[in-house]
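A note on names: the letters A, B, ... follow the listed sequences, proteins ahead of strands, and every chain is numbered from 1.
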Amino acid sequence: MKLLIYHTDFVEYEPVEREGRVVEETEMTRKRFEDIVLILTTIEEGDDDTVVDKAVGELKEYLARIGSKRVLIYPYAHLSNKLAAPEKALETLRLFREKCKVEGMEVYTSPFGWTKALLLSVKGHPLAEQFRSITPETAGAGYIPKALVMEERIKSYWYVLTPTGELVPVESFDFSGNDGLKALATYEMAKSRAVSQMPPHVDLMKRLEIADYEPGSDLGNMRWPAKGKLIKSLIEQYVTEKVIEYGGMEIETPIMYDLKHPCLESYLNRFPARQYIVKSDEREFFLRFAACFGQFLMAHDMQISYKQLPVRLYELTRYSFRREKSGELVGLKRLRAFTMPDVHALCADVQQAKEEALRRFDLSIEVLEGIGLAKDDYEMAIRFTRDFYESNKEFVTDLVKRFGKPALVEMWDERFFYFILKWEFNFIDNLRKASALSTDQIDVENAERYGITYVDQSGNKRYPIILHCSPSGAIERVVYALLEKAYKVYKEGGKPMLPVWLSPTQVRLIPISDRFTEDCILLSERLERERIRADVDDRLETVEKKVRDAETEWVPYTIVFGKKEKESNLFSVRERASNSIRQMTFEELVEEVSSKNAGKPYRMLSLPKLLSQRPSFR
RNA sequence: GCCCCGGUAGCUUAGCCCGGUAUAGCGGCGGCCUUGUAAGCCGCAGGCCGCGGGUUCGAAUCCCGCCCGGGGCUCCA
């Protein structure tokens, strides 16, 4: 049985002619109904009493939600290609009408067996259009992906787990001194992601020419002018280097996959209607929303011995795509196209998976630390089944102990997802909204789904456990976190800035007049040879103006260069972080900046060295 | 989809209630100043007031429709 339901302002129909041998008698007049629920009903082969009961139940529930009782039951054969025989269909339809009346609905009917002219006006609210498919087997709602049905049923139990292994129900945990965690708990448990005000990073990303909206693209697809691109590239490079150091094998895979690929179909159901679809001739492809597909398909074809485990595959996806709801997209926090480092580890068994997970946990903390986000800046959430916790308490506690702060726990009675454990680090922004940065999952399902195997000691093929980790989270989101963090500093009276290694201009040279521009250019070249990004503000502006502009650009070191500097080789270095002017030699300056760049990637400034030559991106 | 708010120069914006084709700052351009640590001075250019229609002698302003953006709600086929 199929029900296509419309909540309407009005419906009009008029019988035109008899269509089949089984026909109900009716008046040949036009009928109009105001503010009524139209139910286009198709009776299919095998529909019985239980189906009707279920349909009535669903309908009743629906009517309660929209607060209506008036229904027009309208026989409509076009929702199925396996119609019941007409006699049987009419009988079932009549039963349906009767049961609806018994349930207290105000039932109107249109005649079975007629071609009818139909005019309707559907109300514009979210529940106004509904579809139900009810079969004897399920006697349940169709058309809803399994994962979503399960998600509805999932009951979460919330706790806080302390580094000493105490598991406290969230409502009895004392959050004093753990304000960030409190914000996370509130945010998570409400399950709401909508944003109510503009977060401060949005203005910053535009003003600093880091990122901006691209009106010519879809929502959540950003443009990155030169400074932003430099910052983004540096973070990408840094994360990649750290993952390779950890043992990741960097690979690259396609961004689009066949919608009909058997392995992908069920995984796809996890995110119904959230993909971009690309049509190419007759085929349809979806744009990947994670690196999993490419890596799993690659792993499927690999020959792996137990001796090689864990095998670690790494890709930085540029991009992954998710068609997030428009209301959720603000600035860089949540995007439809994002850059995601993703490292999978294939592990022999749960024991090896746990050991590997700990390494990746430490890696994630280290990566965030290197980027400039300390443990104070984020909170941990960890999710698992009760079962897993009971038999792996020591491991779970070890994770929280390594984190060193209490963590929010979401616990389920059953395993609904493909993972048995998942943790994330959540950044809390200035609006007290949380968003996940690093994450790792222990996946016990996908190896089988994708046919990924390794050969064990006795020559048998076995399915590995797969860990899914993003050590930093989306790169764009890392930038968001850095900007939000800077704003927090500013709000508390400090000077907002990016880490020196990420600052596009690290040293700004300000010649006191154009007589010194040449000296500044030479000095900037010396700095560049030391892998320090320097530029020269050669504009015919006052020193004050140029200093001010350097400050509003968040340049970490500024040198005003004039006669004194030329003669003494001692510089007055204006340092943003300490808001002071320090006398330094060239060597001391190089030493200072280099120490902040140590262990981090370097890229040249991809902007004209002379500020007079630099166009504005906005 | 519905509700609320908005759309004026490259950017930020005044004017709108109460109709008379528009204000300022930044930025850009030109000139003066050759400058010592957060905005030097003078001048110039730049606007189909989101689009379409209506009312009116006359619309940025009032009315209707639409488009786009931000937010809320809701659905997450």
Worksheet item: If you measure from the P atom in B/C57 to the same atom in B/G10, how many Å do you get, rounded?
Response: 35 Å

Item to complete: For B/A77 and B/C66, measure between their P atoms and round to the nearest Å.
Response: 27 Å

Worksheet item: Looking for any heavy atom pair under 4.0 Å, which part of the strands does A/Thr558 touch: base, sugar-phosphate only, or nothing?
Response: nothing

Discussion item. Work out how far the C1' atom of B/C11 is from that of B/U56, and round it to whole angstrom.
Written reply: 36 Å

Worksheet item: Is it true that the side chains of A/Asp443 and A/Gln441 contain a donor and an acceptor less than 3.5 Å apart?
Response: no

Item to complete: For nucleotides B/G46 and B/G28, find the distance between their C1' atoms and express it as a whole number of Å.
Response: 9 Å

Discussion item. Below the 4.0 Å mark, does B/U35 have OP1 or OP2 next to a side-chain nitrogen or oxygen of A/Thr542?
Written reply: no

Discussion item. Output the rounded distance in Å from OH (A/Tyr213) to C1' (B/C11).
Written reply: 16 Å

Worksheet item: Is there a donor-acceptor contact under 3.5 Å linking the side chains of A/Asp538 and A/Ser612?
Response: yes

Worksheet entry | salt bridge (Lys or Arg N to Asp or Glu O under 4.0 Å) involving A/Arg477 - partner list, sequence neighbours excluded | none

Worksheet entry | Value in whole Å for how far the P atom of B/G36 lies from NZ of A/Lys563 | 13 Å

Practice prompt. Would you indicate what A/Val543 reaches in the nucleic acid, counting non-hydrogen atoms under 4.0 angstrom: base, sugar-phosphate, or nothing?
Written response: sugar-phosphate

Discussion item. Say we look at B/G15 and B/G52: how far apart would their P atoms be, to the nearest angstrom?
Written reply: 25 Å

Worksheet item: Roughly how far apart, to the nearest Å, are B/U34 and B/G40 at atom P?
Response: 15 Å

Item to complete: Have a look at A/Glu553 and say if it touches a base, only the backbone sugar-phosphate, or nothing, with a 4.0 Å heavy-atom cut-off.
Response: nothing

Worksheet item: Counting just side-chain N and O atoms, does A/Arg323 come under 4.0 Å of either OP1 or OP2 of B/C76?
Response: no

Worksheet item: A/Arg207 near the nucleic acid: base, sugar-phosphate alone, or nothing, with a heavy-atom cut-off under 4.0 Å?
Response: nothing

Practice prompt. Kindly state each residue pair satisfying side-chain hydrogen bond (donor to acceptor under 3.5 Å, both in side chains) with at least one member in residues 492-509 of chain A, sequence neighbours excluded.
Written response: A/Lys495-A/Glu551, A/Lys495-A/Asn579, A/Thr505-A/Asp535, A/Gln506-A/Asn597, A/Arg508-A/Asp535, A/Arg508-A/Glu553

Fill in: Pairwise P distance for B/A60 and B/A22, with rounding to whole Å
9 Å

Discussion item. Is a donor from one side chain sitting under 3.5 angstrom from an acceptor on the other, for A/Tyr157 and A/Asp413?
Written reply: yes

Item to complete: Would you mind listing every salt bridge (Lys or Arg N to Asp or Glu O under 4.0 Å) that reaches into residues 201-211 of chain A, with sequence neighbours excluded?
Response: none

Item to complete: Would you mind telling me which of A/Tyr487, A/Tyr490, A/Tyr480, A/Phe427 makes a ring pair (Phe, Tyr, Trp, His ring centres under 6.0 Å) with A/His201?
Response: A/Tyr480

Worksheet item: When we call it a touch if two heavy atoms are under 4.0 Å apart, what does A/Glu544 touch: a base, just sugar-phosphate, or nothing?
Response: sugar-phosphate

Item to complete: Indicate, with a heavy-atom threshold strictly under 4.0 Å, whether A/Lys206 touches base, sugar-phosphate, or nothing.
Response: nothing

Practice prompt. Kindly indicate whether a cation-pi arrangement holds for A/Arg288 with A/Tyr257, taking the cut-offs as under 6.0 Å to the six-membered ring centre and within 45° of the axis.
Written response: no

Item to complete: Give a yes/no verdict on a cation-pi contact between A/Lys232 and A/Phe338, requiring under 6.0 Å between NZ or CZ and the six-membered ring centre and an angle within 45° of the axis.
Response: no

Worksheet entry | Separation between the P atoms of B/C26 and B/C16, rounded to whole Å | 24 Å

Give each protein N/O atom lying under 3.5 Å from an N/O atom of nucleotides 24-32 of chain B, with the pair distance.
{"residue": "B/G27", "atom": "OP1", "partner": "A/Lys545", "partner atom": "NZ", "Å": "2.9"}

Worksheet item: RNA chain B in dot-bracket, Watson-Crick or G-U pairs under 3.5 Å, [ ] crossing, | other strand?
Response: (((((((..(((.......[...))).(((((.......))))).....(((((..]....))))))))))))....

Worksheet item: When you check the phosphate oxygens OP1 and OP2 of B/A38, does a side-chain N or O of A/Arg574 lie under 4.0 Å from one of them?
Response: yes

Discussion item. Run the side-chain contact (heavy atoms from CB on, under 4.5 Å) test against A/Ser280 and tell me which residues pass, sequence neighbours left out.
Written reply: A/Phe285

